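Shown next, in structure tokens, is the structure this report addresses.
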Protein chains: 2
Amino acid sequence: MSTITDVAALAGVSPSTASRALRGSGQISAATRARVEEAARELDYVANPSAVRLVNGRTDAIGLVVPFVTRWFFAQAVTGAEDVIRGADHDLLLYNLGGPDGRQRFFERMPLRNHVAGVLVLSLALSEKERAQLAQMRVPLVTVGHDAPGASSVMIDDRAAASTAVQHLLNLGHRRIGLIGGLPEDPMHFTSSALRARGYREALTAAGAPVDETLIVPSDYTIDGGRRAAVRLLALPTPPTAVFAMSDEMAIGAIDAARSMGVRVPEDLSIVGFDDHDLAAFFHLTTIRQPVQEEGREAARILLRMLSAPDEAETAHAVLDTELILRASTAPLRR
Amino acid sequence: MSTITDVAALAGVSPSTASRALRGSGQISAATRARVEEAARELDYVANPSAVRLVNGRTDAIGLVVPFVTRWFFAQAVTGAEDVIRGADHDLLLYNLGGPDGRQRFFERMPLRNHVAGVLVLSLALSEKERAQLAQMRVPLVTVGHDAPGASSVMIDDRAAASTAVQHLLNLGHRRIGLIGGLPEDPMHFTSSALRARGYREALTAAGAPVDETLIVPSDYTIDGGRRAAVRLLALPTPPTAVFAMSDEMAIGAIDAARSMGVRVPEDLSIVGFDDHDLAAFFHLTTIRQPVQEEGREAARILLRMLSAPDEAETAHAVLDTELILRASTAPLRR
DNA sequence: CTGTTAGCGCCTTCAG
DNA sequence: CTGAAGGCGCTAACAG
């Protein structure tokens, strides 16, 4: 691997001149610049990033923390963030927690410490202690789907979106509306679950409909979890006539459960999901669309902005729009 | 950010002693070591990785190149690789190509150059030029799902697996068997497509069944692509009685197409997929299971091994097992 | 067992 | 406009 000294030697200049020429800083005669560039090309020179970082006193890598890359939502957000970060020529260090154990290990060891210029955290509700750990790194922090003090955030209005979903069902005449949602003490703490649950309750209350706690079933954001939750709901003495699931995966599980129990969708049971997953259209699922890739992109943009203006200690908070997508999994209540 | 000099000062020793104590190298009295460790803890010291890399002359970051993190297969493989790499305390630089443009940009700029100790490439059939570019970085290279000269690889036996799938259909009495597969000139060049197509042809030929080119329909590994391909097959004057799809996504699309055309699965049409995607069981899909996460893990392991024994220029080649998973999307030919 | 010295590759003063 | 010198933080010899 050739160094800048090699380049300088080949070009017949000093290393500092070579450095200036290559980076376009200072005043350099066009002739020397050309010569240096030619030499660099010839030697296939690329600056050693460790040396550059050491002397500049900063890294340009960005840490991306994600619970599970395999889940649709996270993969989408990663794609958006990655694209923006690459476009700005930063490195992206991926950290996939992969469950409670990985999460604990991460926060214990803080492997990003001293490694990154900024951190992007996808959809983890940070405990106070975790937030403090992250803050201790003294680098800008942006979260997606969760709002932590001292950090910037990109969110959707989970509460309003959930209300909209439930309102849609209420408009169709439904009153007994089930909720399939995040686990109450989810080890991964997705805050959005709590917000969506709140929106659900508020919509019902505002419409004068009772909130029946037996219709609220926790689940784990997987198809199978949605299936189990739906089975429980449909086995109730007075089952709901409609269900709002906090993710499309769970909604799909619910559709499957209904089918296998001889309950027709939407004739006997209306179902609304959340996300507008790739498969939602396939299942004719009415759902709340959220712009997941854009959430990742926007978070990355905010982080880049924070990096370029480090003095301004301000945090930014973006709220992106959601939209109710009407498909064929919901229908008016039949009496 | 405190430096090792701060730690040394606080512990009342020289920086080199502090360094040795912290890294457990050389001979250090238990007393000094304890004092240094205490000082480091107090100052919350973490070595500056750029400085460490600069002096050691190497980075410990590993580059992971993936076409689309959002596709199930890649997300799974990334998860496996990430886990192993993290476990070995290496950084993981993610590079998501995201299509032909991103691919070209990547190979033009080679942003991993001088950044990484090794590279993991997921399921890209590398052109000779691309392979040369990668080789020019002079770091170990491991590919998953593709075999390139000079690189280690982790593969499955795509040809045999495809043969098995087709053989299963032949055993059920089918003779007209459609193939839904990779695009012939897929801009992302997935080699496995070609190998699976070969397996398909060989199985038919070995059984004395004719290979009808009109039954071979290219597609793009998406649900929708599978749907379109199936529609074309089913609209044929003499449609096939069975179909082998090169991915579960495409198989699912085919199931949907059949359903909407009034063709029953498996009574009128048997379908075999490939991958054992999370949704395969959901669709009762008979499929070829491949251990995707394990492919990622094994690739990472091989890379780590290459890094720890850089002298041995040998490449390793792992072939992992696949398995035919029988479900309800295939049935004997009805006459 | 510990301190001193030198240098990894680069960039940024500071002099010319 | 260009070169020399110094130092970023750390570790590997080399002396003690």
Side-chain angles (χ1 to χ4, degrees), chain A residues 1-40 43-61 89 91 113-117 137-139 310, chain B residues 1-40 43-61 89 91 113-117 137-139 310:
Chain A
M1 211 79 276
S2 55
T3 73
I4 199 167
T5 312
D6 301 332
V7 174
L10 183 57
V13 296
S14 73
S16 26
T17 300
S19 171
R20 283 186 285 250
L22 256 18
R23 221 151 3 72
S25 66
Q27 310 286 294
I28 300 276
S29 76
T32 27
R33 158 167 305 134
R35 229 161 352 111
V36 171
E37 282 172 349
E38 170 56 23
L43 296 175
D44 193 33
Y45 169 76
V46 181
N48 178 326
S50 299
V52 175
R53 283 169 194 168
L54 180 57
V55 70
N56 289 337
R58 55 147 188 255
T59 170
D60 66 347
D89 262 327
D91 279 337
R113 216 159 26 139
N114 240 340
H115 272 223
V116 294
M137 299 205 306
R138 311 199 157 288
V139 297
Chain B
M1 212 79 277
S2 54
T3 73
I4 200 165
T5 312
D6 301 332
V7 174
L10 182 58
V13 296
S14 74
S16 27
T17 299
S19 170
R20 282 187 287 251
L22 257 18
R23 220 148 9 75
S25 67
Q27 310 285 293
I28 300 277
S29 77
T32 26
R33 159 167 304 137
R35 235 169 339 118
V36 171
E37 282 173 348
E38 169 57 22
L43 296 175
D44 193 34
Y45 168 76
V46 181
N48 178 325
S50 300
V52 174
R53 284 171 193 167
L54 180 57
V55 68
N56 289 336
R58 63 190 141 91
T59 171
D60 66 348
D89 263 327
D91 280 337
R113 219 163 20 143
N114 239 343
H115 273 223
V116 293
M137 300 205 306
R138 312 200 155 286
V139 297

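Just so you know, these numbers come straight off a predicted model, no measurement behind them. Throughout, protein chains are lettered first and strands after them, A, B, ... in sequence-line order, and every chain is numbered starting at 1.
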Expressed as a whole number of angstroms, how long is the span from [X]:[atom1] to [N]:[atom2]?
X: Arg58(A); N: dG9(D); atom1: CZ; atom2: C1'; answer: 17 Å
X: Arg23(B); N: dT2(C); atom1: CZ; atom2: C1'; answer: 15 Å
X: Arg33(A); N: dT2(D); atom1: CZ; atom2: C1'; answer: 13 Å
X: Arg35(A); N: dT2(D); atom1: CZ; atom2: C1'; answer: 11 Å
X: Tyr45(B); N: dT11(D); atom1: OH; atom2: C1'; answer: 10 Å
X: Asn114(B); N: dC8(C); atom1: CG; atom2: C1'; answer: 13 Å
X: Ile28(A); N: dG3(D); atom1: CD1; atom2: C1'; answer: 11 Å

Nearest 0.5 Å, what's the [atom1]-[atom2] distance between [X] and [Y]?
X: Met137(B); Y: Asp44(A); atom1: CE; atom2: CG; value: 11.5 Å
X: Asp91(A); Y: His115(A); atom1: CG; atom2: NE2; value: 12.5 Å
X: Glu38(A); Y: Arg33(A); atom1: CD; atom2: CZ; value: 15.0 Å

Does a side-chain N or O from Ser29(B) land closer than 4.0 Å to OP1 or OP2 of dT2(C), or not? yes

Hey, does the side chain of Thr17(B) come within less than 4.0 Å of dG3(C)'s phosphate (OP1/OP2), counting only N and O? yes

[X] side-chain proximity, nearest of [options]:
X: Ser16(B); options: dG3(C), dC11(C), dG3(D); answer: dG3(C)
X: Thr32(B); options: dT4(C), dC11(C), dC1(C); answer: dC1(C)
X: Arg20(B); options: dG3(C), dT2(D), dC10(C); answer: dG3(C)

Taking five pairs at each end of the helix from dC1(C)-dG16(D) to dG16(C)-dC1(D), what angle separates the two helix axes (nearest 10°)?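 Its terminal axes enclose an angle near 40°.
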
When Leu43(A) is tested against each of Ile4(A), Val7(A), Thr3(A) for side-chain contact (heavy atoms from CB on, under 4.5 Å), which residue passes? Val7(A)

DNA chain C nearest-nucleotide lookup for Gly57(B) and Val13(B): closer to the 5′ end is Val13(B)

Taking CZ in Arg58(A) as the centre, count heavy atoms belonging to other residues, nucleotides or ligands within less than 6.0 Å. Is the count above 12?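 Counting neighbours around CZ of Arg58(A), 12 or fewer heavy atoms of other residues, nucleotides or ligands fall under 6.0 Å, so no.
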
Please list, in numerical order, the residues of residues 46-56 of chain A that have a heavy atom closer than 4.0 Å to any atom of DNA chain D.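 The stretch gives Leu54(A), Val55(A) as the residues lying under 4.0 Å from the strand, ordered by number.
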
Restricting to non-hydrogen atoms, name the atom on Leu54(A) and the atom on Ser50(B) that form the minimum distance, rounded to 0.1 Å.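 Looking at all heavy atoms of both residues, the shortest contact is N-CB, 4.0 Å.
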
Considering non-hydrogen atoms only, spot the tightest contact between Val116(B) and Thr59(B) and give its length.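 Nearest heavy atoms, Val116(B) then Thr59(B): C-CG2, 3.5 Å.
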
Any side-chain heavy-atom pair from Asp60(B) and Arg53(B) closer than 4.5 angstrom? yes

